[in-house]
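Here the structure comes first, spelled out in structure tokens, and everything after it is commentary.
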Amino acid sequence: MLRLPKFEVAEPSTVDEAVALLAQHGDRARPMAGGTDLMPNMKHEIETPEVVVGLWRIDAMRTLEERGPDVHIGALWSLHDLQGHPLIRREFPSLVEAVSQVAGPQLRRMGTIGGNVCLDTRCVYINQSHFWRQALGFCLKKDGTVCHVVAGGRNCVAAASNDSAPVLMTLGARLRLESSSGTRELSVEEFYHQDGIFNQSRRRDEILTEIIVPKSKPGTISAYKKLRTRAAIDFPELGVAVLAVLDGGGRASHLDVCVTALASRPIRVGKLEPHYQGRVLDDAVIEAIAEAARVRCKPLKNIATEPSYRREMVKVYVKRALQAALSRRLHALG
Ligand SMILES: Cc1cc2nc3c(=O)[nH]c(=O)nc-3n(C[C@H](O)[C@H](O)[C@H](O)COP(=O)(O)OP(=O)(O)OC[C@H]3O[C@@H](n4cnc5c(N)ncnc54)[C@H](O)[C@@H]3O)c2cc1C
Ligand code: SF4
């Protein structure tokens, strides 16, 4: 059995108190929401905070409301509660699909949307016990000097594995970060960067307090599809989020395809316009979009499933996601 190392717990009841604690303790502290990712990482000694700043008493981070053109979602909403919320179900079906496929039911009750957005990256060589990692001489992400995925590599390429991230990217969400030095908002695109050691632009003294999602434009369709070994619990081996805007005749004026679990950040698949712009998304168009996505995605051996298989699955899952989004539209049109 893996034991938790000793640490102190602070339980602030306001955002101001929480960010003051993070500023005071610096890199010795970590914020914790549901703890479903941080706790296992502490048992594995991947994270070794001396002070855990528990966010669970901060009621101001549990609000959810429409404000003008946006929906503001407090970062402490559990994945379970979010997936059942009528406003989220009506406005953001792809987000419901993503959060309802995170882990299993118990973890979705404890796990929060903020913790999901801020989830640490994963790799077959890091999500192991300290003893296991020591036997291999550790690695760049923690305690070591080499990468076991990319021989001679100088950067960690551990995989972004949060299901909500690619969906929030397609939805054009913004993330509100607060610290003792002020507040700022980043797009999801800006929030993540390509560094498996810490793939976020969030400073360690900042907390994510709110996710701001623009309400859907008329004609918007979206879906999320996830590849995983055990549908009841596993992290994504591939996650594909799609969002398209169609005119009354079904022609696409906008299409976004974002993938996760292939690299250290969720990735927007670029240069798809020639395949869809002004076209009806019929089988041939969907085939061309899916093939273009497959060509542009190059998975690494950072998780257990074969990269070549995952690359082929990009095409399959882009197709499935687009078909699911379209069938939802047909259903809505009656
Ligand atoms: C068996 C198992 C299977 C899992 N499967 C999946 C899966 O399929 N898909 C998936 O996406 N996740 C999965 N997870 C991971 C996790 O359960 C979820 O991502 C969950 O949403 C994390 O939320 P949390 O509130 O528990 O985060 P925590 O564990 O509390 O925090 C996660 C990280 O975010 C930071 N953090 C948390 N909240 C904030 C905040 N408001 N501001 C700033 N930083 C913050 C913490 O410091 C920590 O680094 C799995 C976990 C387990 C144990
Ligand atoms: S990608 Fe390389 S450096 Fe990063 S966790 Fe895996 S083995 Fe370690």
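Computed from a prediction, not measured in an experiment: that's the story for all the values here. Note: hydrogens, waters and symmetry copies are ignored here, and every other heavy atom, side chains too, is used. Order of appearance sets the numbers: ligands from 1, and atoms from 1 within every ligand. We count residues from 1, following the sequence as given.
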Please determine if [X] has a nitrogen or oxygen closer than 3.5 Å to a nitrogen or oxygen of ligand 1.
X	answer
E206	no
L38	yes
E47	no
N116	yes

Got the closest protein heavy atom to [atom], with its distance?
atom	value
atom 1 (C) of ligand 1	L107 CD1, 3.7 Å
atom 28 (P) of ligand 1	G35 N, 3.5 Å
atom 17 (O) of ligand 1	T36 OG1, 2.7 Å
atom 6 (Fe) of ligand 2	C123 SG, 2.4 Å
atom 13 (C) of ligand 1	F235 CE2, 3.1 Å
atom 1 (S) of ligand 2	V157 N, 3.3 Å
atom 8 (Fe) of ligand 2	C139 SG, 2.3 Å
atom 7 (C) of ligand 1	A103 N, 3.3 Å
atom 2 (Fe) of ligand 2	C147 SG, 2.3 Å
atom 21 (O) of ligand 1	T112 O, 3.1 Å
atom 31 (O) of ligand 1	G115 CA, 4.1 Å
atom 33 (C) of ligand 1	C118 O, 3.6 Å

Should you measure from each heavy atom of [X], which atoms of ligand 2 turn up under 4.0 Å away?
X	result
I126	5 (S)
V149	1 (S), 6 (Fe)
L140	3 (S)
A158	1 (S), 4 (Fe)

So which bit of [X] gets within less than 4.0 Å of ligand 1, heavy atoms only: side chain, backbone, both or neither?
X	value
L79	side chain
R202	side chain
M39	neither

G196 near ligand 2 by a heavy-atom separation under 4.0 Å | no
Does ligand 2 have an atom that lies less than 4.0 angstrom from a heavy atom of N302?
-> no
Is any side-chain heavy atom of T112 closer than 4.5 Å to a side-chain heavy atom of T36?
-> no
Can you check whether S78 reaches R109 side chain to side chain, under 4.5 Å on heavy atoms?
-> no
Checking only N/O/S atoms, does C156 have one that is under 2.8 Å from atom 4 (Fe) of ligand 2?
-> yes
Taking 2.8 Å as the cut-off, does an N/O/S atom of H148 lie below it from atom 8 (Fe) of ligand 2?
-> no
[X] with [Y]: basic N within carboxylate O range, under 4.0 Å:
X	Y	result
R90	E66	yes
K301	E306	yes
D256	R268	yes

The residue among I212, I211, T209 that forms side-chain contact (heavy atoms from CB on, under 4.5 Å) with L175 is I211
Atoms of ligand 1 less than 4.0 Å from K226 heavy atoms?
-> 7 (C), 8 (O), 9 (N)
